[in-house]
Amino acid sequence: MNYHSNIGRHTAVVGLQWGDEGKGKIVDVLTAEHDVIVRYNGGANAGHTVVVEGQRYALHLIPSGILYPHKMCVIGNGVVVDPERLLEEIDSLRSRSIAVGDNLRISDRAHVVMPYHKEQDAALEDYLASTTANASGSLAIGTTRRGIGPAYADKVCRSTAIRMGDLLDPAYLRERLRVICKLRTNELRAMGVSTAPLDADALAERFGALGVRLRPHIVDSVYELHGAAALGRTILFEGANACLLDIDHGTYPYVTSSNCSTAGIHSGTGIPGSTIGRVLGIMKAYSTRVGAGPFPTELNNEIGSTIRERGREYGTTTGRPRRCGWLDLVAVKYSAMVCGATGIACTLFDVLSGFDELRICTKYRLADGSLSDRFIPDARRLEGASPVYETFDGWSESVAEAGSRSALPDAAKRYLARIEEVVGIPIEMVGIGPERSQTLVAQ
Ligand code: GDP
Ligand code: IMO
Ligand code: MG
């Protein structure tokens, strides 16, 4: 088998909102029917939660398929890897009797997040937060401060980047770091950070040692993946972050620094998009966002707080309270279009029980008074759009024990049916609780 015979065999899971849609849980469910699970973008800014029989696992860099023994998990070349965090994650899984060994492969071409990237990230955010550059306040993005933007910037810059494979060559690593550290010290100082000169030799030793520990996992992931596919294995791509945070297709500049839509799969793994037959777009039954940036359906009121408390909407990575609002289908439909979604998983549906009335945004009213059903992937222009809602009856019953979609209250069925009608693709899964088992799958 070569890549021609793999046309349409693989699956992608991608977030259709601003992240935290429950991708980890859905990847975990789908892992049962795939062989290889691959992260293609982002880094430790992601926080993917899987709950199995009351045990909660938060994954940041390791694919959410790791909980199944005998599945291969791959960190693709498009990911930016913080080796210290990765090792912490490996150790934490092992301490909970989850095997991490030959089942974890890391691309030798994935870029390394270095400590100075995190300092740069924080320094820029602090500087921006201290300015009031425009009418909507500061220009700070509200990043996770995990060094994501600076690490991707170095990747694009080329001459100041370090890749996972470089950690295995101590002399080369030291030589590169000597140049980079000089530059970085000056840059950090120019940003007002009173740092001692970055010590290239100490960093080279520290990261060389991390390389020694990670060496068994570091491979040419492109050949590994094609090799597995050639043996008939199916691949599940796990998107981190989400389409509306995509560097090209999101609410720029309030986005992350990678292609988190399906656009990132080919570049971030070397597997051509034509091999993906199923794209499952993940959306919450409402909307949330962490960090700054426009959010047309945001509810800065009692209803927003109720959603936050019922949905436990606090960041998996940073613990920050998530901003909450009504479901925005203009945004979801746009993401589904950009990602080529073939189906939807509607998660956190149980959180909507108990509201008298629910709203779904299906259009925007623009600054000139006209109506539009187009999303606006530009922060400044999106600020000028206000949501136009359709109102739905709520339901009081808990759905957490429902055995199938047909067993849901009528009002709940109408809400789901309207989503399918507006977005134009089927809902294949409905999440009715955080547990692996609390997932209704369309027959
Ligand atoms: P991800 O980043 O897309 O993987 O999502 P996160 O893990 O950051 O956030 C989703 C949160 O919702 C986690 O706490 C999950 O355990 C939880 N979750 C996922 N699906 C459901 C669901 O259907 N119902 C409820 N109540 N919680 C869910
Ligand atoms: P998962 O995979 C929610 C947001 C940050 C910030 C912006 C840029 O768990 O869904 P960054 O640190 O990437 O430079 O921050 O993007 N962000 C996320 N929000 N879930 C995520 O990942 C996110 N990854 C990045 O809050 O607004
Ligand atoms: Mg998350």
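Atoms within each ligand, like the ligands themselves, are counted from 1 in listed order.
Here the side chains of V14 and Y40 are in contact, with some heavy-atom distance below 4.5 Å. Between E420 and I425 there is no side-chain heavy-atom pair separated by less than 4.5 Å.
Of the listed options N41, V255, T318, V255 places a heavy atom closest to atom 8 (C) of ligand 2. Proximity annotation for atom 6 (C) of ligand 2: of G291, A242, G142, G142 comes nearest, heavy atoms only. Compare I282, D350, V29 by their heavy atoms: the one nearest to atom 26 (N) of ligand 1 is in D350. Of the listed residues (N241, T143, L245), the one carrying the non-hydrogen atom nearest atom 17 (N) of ligand 2 is L245.
The K25 neighbourhood of ligand 1 comprises atoms 19 (C), 20 (N), 23 (O), with distances under 4.0 Å to a heavy atom of that residue. Residue I432 has at least one heavy-atom neighbour below 4.0 Å for each of these atoms of ligand 1: 23 (O).
Ligand 2 has at least one atom lying under 4.0 Å from a heavy atom of G47. Using a 4.0 Å heavy-atom cutoff, R322 is absent from the residues neighbouring ligand 2.
For the ring-ring contact (aromatic ring centres under 6.0 Å, His included) test, residues two or more places apart in sequence or in another chain that qualify with F392 are Y415. In terms of the ring-ring contact (aromatic ring centres under 6.0 Å, His included) criterion, Y152 has no residue partners (sequence neighbours excluded).
The number of protein N, O or S atoms lying under 2.8 Å from the Mg ion (ligand 3) is 2.
Sorted by first and then second residue, the ring-ring contact (aromatic ring centres under 6.0 Å, His included) pairs involving residues 97-131 (not counting sequence neighbours) form an empty list.
In terms of polar-atom proximity, defined here as any N/O pair under 3.5 Å, G47 does make such a contact with ligand 1.
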